[in-house]
Engineer: 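Before anything else, here's the structure in question.
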Amino acid sequence: MENVELAAALDEVADLLEIQGANPFRVRAYRNAARFVRGYSTPLRKLVAEGRDLTELPTIGADMAKYLAELCQTGKLAVLEQLRSQVPPGLVEITQLPGVGPKRAQALWKELQITDLEQLRQAALAGRVAALRGFGDKTQQKILQAIERRAGQQKRFLLADADQIAAALREHMAQAPGVDRLEMAGSWRRRKETVGDLDLLVTAAEPGPVMDHFTRWPSVAEVVQKGTTRTTVRLRSGMQVDLRVVEPAAFGAALCYFTGSKEHNIRMRQRALERGLRISEYGVFELLEGEGGERREGRRVAGATEQEVYAAVGLPWIPPELREDRGELEAAERGELPALVELGDIRGDLQMHTRWSDGKNTLAEMVAACLARGYAYMAVTDHSPSLAMTGGLDPAKLRRQWQEIERVAADYPKIRILKSMEIDIRRDGSLDLADELLEQLDVVLVSIHSYLELGMAEQTRRVLKALEHPRVHILAHPTGRRLGQREPMQLDMDEVLHCAREHGVAVEANAQPERLDLNDVHLFRARELGVKVVISTDAHSTADLDLMRYGVAQARRAWLTPKHVLNTLPPGRFLQALRRRR
DNA sequence: GCCGTTTTCGGCCCGACTGTTTTCAGTCG
């Protein structure tokens, strides 16, 4: 059982306990554990198999350790089975409706015997929901609307799509009356692979006109709520946007607060309390002891900038990509925050396609585009023959491509064009190109495009076999996932990463917005194990070369510095490092 | 249920908005 599955089980326990009305702190304990497990880079099943003491991990106490071991060893969790028999699982879906939380879900269940969305819809249509205590006509109406459009509203957006909406929003809001500063916060700023909503933060003398300007944006489909400090709208695209207006003296505190993550903020506030301070979106305040021992807020000691807020609790500024409570506060405390890799550090792109296979641009166009981006080298990685539908290159065609590479190279002496190929890993783990040709390539990139649904054992063996081939340099988009479209392959990633390290093979951080493969958690694990990483765009056009920033963003979320990323090296050292096998 | 130079009990982050209420609970981020 993989970490994400363990986390899902713990989250479901939390959901069901919450509907039961359990102690909220107990519920939180399950959620904290689930969140930790989901983001933890080492598979817990391995630690369990080794008999390690899981209670040494944060958020895991005696009970959680027992449950995790049970899940790893049996695939089941008795506590969860029991809860499912006590609480109808359909209620969980009901709590996911906006405006319906555990309390109302429980009322619907106990008072009206409602256990799923369809029953709720019927009850609401019949007007029985509005009659419940704590509900009313408006709530009933909202519930109905939420059920009707449920499919559209749950989705998360690819980071690249969110970027487009964010840019348009920024342009509109920059023209709002009296707007001074304007920043996008939230998971967008932390560069998460998908974004659920956008948080826009502005400073303005008067909030009213700014809120009005915001709700008049043509892309707005519905104003969800509107106040003097916060307004929420839903766009025609389905994206929800929150606008907050704050005073300049609180801008940094608000930016921290709305950037999150929630867990990072909680740790920051706890840290503040330990120092006799209180952090809110309005600033960092002294806490004074009142007459009766109660604590009241004193003067504001920080708030205008993020740097100030962190400094107030004795920390350096922490890059947004790290704010996930994955050890960044501790690292900041020790003065060991990583100097994260930046787009400008990248010296070459190592996966791209041309018209020789399924790319849209010619080789010469791709070379000129790479040069324009300041790269010192690039790898031309058209597909191998078995991917017929992409126009994969057979040996004869490959040799003709080499001739063209040599011709084009003569015209572009400032960039090194590396002969390469994205070679398909066949079902049995063998490679879709003869050894004799592999030997003539500068860079050998391998990846899987077929039989994605094999079981974990077989799929893992297949990849390991490919990595053991002495000519292989890079494993591209290792899990094959496509966000929102295709689940990752069943793959024992820890085995794969260990094997990659053993054989000196680099793993790719594919920058395609719907791939981002490996993801941040796997890249973090690669870094821990000392596996080499390359960041590549997998470009199919010159424009795609600009996707590099999405790969870099995920690498940053994985704490990678330039020294972890091979394609930050100059050409000579890059090739040396790439070919160093162990 | 977790956690501890405020340790084995008693805490556990903070504020805005809405709707249903007559002073606040529920939900959300």
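Each chain gets a letter, A, B and so on, in the order its sequence line appears, and its residues count up from 1.
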Engineer: Just jot down the salt bridge (Lys or Arg N to Asp or Glu O under 4.0 Å) partners of A:D197, sequence neighbours excluded, or say none.
Structural biologist: none
Engineer: Find every protein N or O atom lying less than 3.5 Å from an N or O atom of nucleotides 8-10 of chain B, and list the pairs.
Structural biologist:
none

Engineer: Check every strand shown and say whether A:T228 touches a base, only sugar-phosphate, or nothing at a heavy-atom separation below 4.0 Å.
Structural biologist: sugar-phosphate
Engineer: Could you pull out every donor-acceptor pair under 3.5 Å between side chains of residues 308-315 of chain A and any protein atom, sequence neighbours left out?
Structural biologist:
| residue | atom | partner | partner atom | Å |
| --- | --- | --- | --- | --- |
| A:E308 | OE1 | A:G303 | N | 2.8 |
| A:E308 | OE1 | A:A304 | N | 3.3 |
| A:Y310 | OH | A:H264 | NE2 | 2.9 |
| A:Y310 | OH | A:R323 | NE | 3.0 |

Engineer: Just to be sure I understand the geometry, which residues of residues 22-38 of chain A put a non-hydrogen atom under 4.0 Å away from DNA chain B?
Structural biologist: A:N23, A:F25, A:R26, A:R28, A:A29, A:Y30
Engineer: For DNA chain B, which residues in residues 177-196 of chain A have a heavy atom at a distance below 4.0 Å?
Structural biologist: none
Engineer: Any strand counts, and the cut-off is 3.5 Å on both contacts for Watson-Crick or G-U wobble. Which nucleotide pairs with B:dT8?
Structural biologist: none
Engineer: So which of residues 161-168 of chain A are in contact with DNA chain B, with a heavy-atom cut-off of under 4.0 Å?
Structural biologist: none
Engineer: Grab the two heavy atoms, one from A:N265 and one from A:Y257, that are nearest each other, plus how far apart they are.
Structural biologist: ND2-O, 2.8 Å
Engineer: Is the glycosidic torsion of B:dT5 within 90° of 0, making it syn, or is it anti?
Structural biologist: anti
Engineer: Considering residues at least two apart in sequence or located in another chain, which fulfil the salt bridge (Lys or Arg N to Asp or Glu O under 4.0 Å) criterion with A:E528?
Structural biologist: A:R525
Engineer: CG of A:L243 versus C1' of B:dC17: gap in Å, rounded?
Structural biologist: 14 Å
Engineer: Checking A:F251 now: which residues fulfil ring pair (Phe, Tyr, Trp, His ring centres under 6.0 Å) with it, not counting sequence neighbours?
Structural biologist: none
Engineer: Which nucleotide in the set B:dT20, B:dC2, B:dA16 lies at the smallest distance from any side-chain heavy atom of A:T139?
Structural biologist: B:dT20
Engineer: Any side chain to side chain donor-acceptor pair (under 3.5 Å) involving residues 55-76 of chain A? Give me the pairs, sequence neighbours left out, ordered by first then second residue.
Structural biologist: A:D53-A:T55
Engineer: Mind checking what makes salt bridge (Lys or Arg N to Asp or Glu O under 4.0 Å) contact with A:R557, not counting sequence neighbours?
Structural biologist: A:E324, A:D520
Engineer: Please list, chain by chain and in numerical order, all residues satisfying salt bridge (Lys or Arg N to Asp or Glu O under 4.0 Å) with A:E171, sequence neighbours excluded.
Structural biologist: none
Engineer: Is a side-chain donor or acceptor of A:R121 paired with a backbone partner of A:L144 at a separation under 3.5 angstrom?
Structural biologist: no
Engineer: Establish, with yes or no, whether the OP1 or OP2 oxygen of B:dA16 is under 4.0 angstrom from a side-chain nitrogen or oxygen of A:Y282.
Structural biologist: yes
Engineer: Just how far, in rounded Å, is C1' of B:dC2 from CZ of A:R267?
Structural biologist: 13 Å
Engineer: Ignoring backbone atoms, test whether A:T59 places a side-chain nitrogen or oxygen under 4.0 Å from the OP1 or OP2 oxygen of B:dC3.
Structural biologist: no
Engineer: Could you run through nucleotides 21-29 of chain B and give me one letter per nucleotide, 5' to 3': B if any protein heavy atom sits under 4.0 Å from the base, S if only the sugar-phosphate is that close, - if neither?
Structural biologist: S----SSSB
Engineer: Could you tell me how far apart A:M268 (CE) and B:dC14 (C1') are, to the nearest whole angstrom?
Structural biologist: 14 Å
